[in-house]
Amino acid sequence: MMPFAELAAETITSGPCRDITRQIIGAVLEKYRVEPVELFGYSREGHLVAARREAARRLKKQGYSITRIGRILHRDHSTISNYIYESIRKAKRERYVGKRGCMVEINPQYLEGLRRLAALSETTIKAIVNQAISDTLEAA
């Protein structure tokens, strides 16, 4: 049986796009200061997940399929899908704020202002909207 580090290196260096794959993985390893064994390993430590997420997004930008990225990073395709599309889902969720099970769609023209206000006040959009709703209900 091949040692894990050699197996990971074999995955990176096989296939038609190996130079691009090596460059991307190498850049991510350098940026996050992790070893290949850690990147391709099983740990769920935050910095390793962040490194895998970035590697997956970079590979996807180069046209790799979700399945191929999964093979490269030794992850299931559903994990890769979560890595890549997480920011899109987060942005969609940010448009809706829940209070007691109710969902309210925030008008897109107000959303950017709410984002700035949340950043300045070091809070969340949800907290701002909840406070506004609470103040309105108290005044009524």
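Bear in mind that the values here come from a model prediction, so they are computed numbers and not experimental data.
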Do I20 and Y64 come within less than 4.5 Å of each other through their side chains, counting heavy atoms only?
-> yes

Heavy-atom closest pair, residues A55 and I24 | O-CG2, 4.1 Å

Between the side chain of T136 and the main-chain N/O of A132, is any donor-acceptor distance below 3.5 Å?
-> yes

The single option from V34, L39, V28 passing side chain to side chain contact (heavy atoms under 4.5 Å, CB included) against R52 | L39

Kindly give the heavy-atom pair with the smallest separation between A127 and T123, and that separation in Å.
-> CB-OG1, 3.2 Å

How long is the gap from NE2 on H74 to CD1 on I69, to the nearest 0.5 Å?
-> 14.0 Å

With a cut-off of 6.0 Å (strictly less than), are more than 12 heavy atoms of other residues, nucleotides or ligands near CD of E30?
-> no

Note: A50 and Y32 closest approach over all heavy atoms is O-OH, 3.7 Å

Counting heavy atoms not belonging to H47, are there more than 12 under 6.0 Å from its NE2?
-> yes

Smallest separation among heavy atoms of I84 and A56, with atom names = CD1-O, 3.9 Å

If you round to the nearest 0.5 Å, how far is CG of L117 from CZ of R115?
-> 13.0 Å

R53 and Y83 have their tightest heavy-atom pair at CG-O, 3.5 Å

Euclidean distance, D76 CG relative to N82 CG, rounded to 0.5 Å | 9.5 Å

Do the side-chain N and O atoms of D135 and Q131 include a donor-acceptor pair separated by under 3.5 angstrom?
-> yes

How far does CD of Q23 sit from CD of Q62, to the nearest 0.5 angstrom?
-> 8.5 Å

On a heavy-atom basis, the closest approach of T21 and L59 is CA-CD2, 4.3 Å

Mind checking whether T67 and I80 have side chains closer than 4.5 Å, heavy atoms only?
-> no

If you measure from OH on Y42 to CZ on R75, what distance do you get to the nearest 0.5 Å?
-> 8.0 Å

Walk me through it: do I25 and F40 pass the test side chain to side chain contact (heavy atoms under 4.5 Å, CB included)?
-> CA-CA 10 Å; I25 298 297; F40 300 111; 4.1 Å; yes

Any link between L137 and I128 through a network of hydrophobic side chains (Ile, Leu, Val, Met, Phe, Trp, Tyr) touching at under 4.5 Å?
-> yes

Is E54 salt-bridged to R57, cutoff N-O under 4.0 Å?
-> no

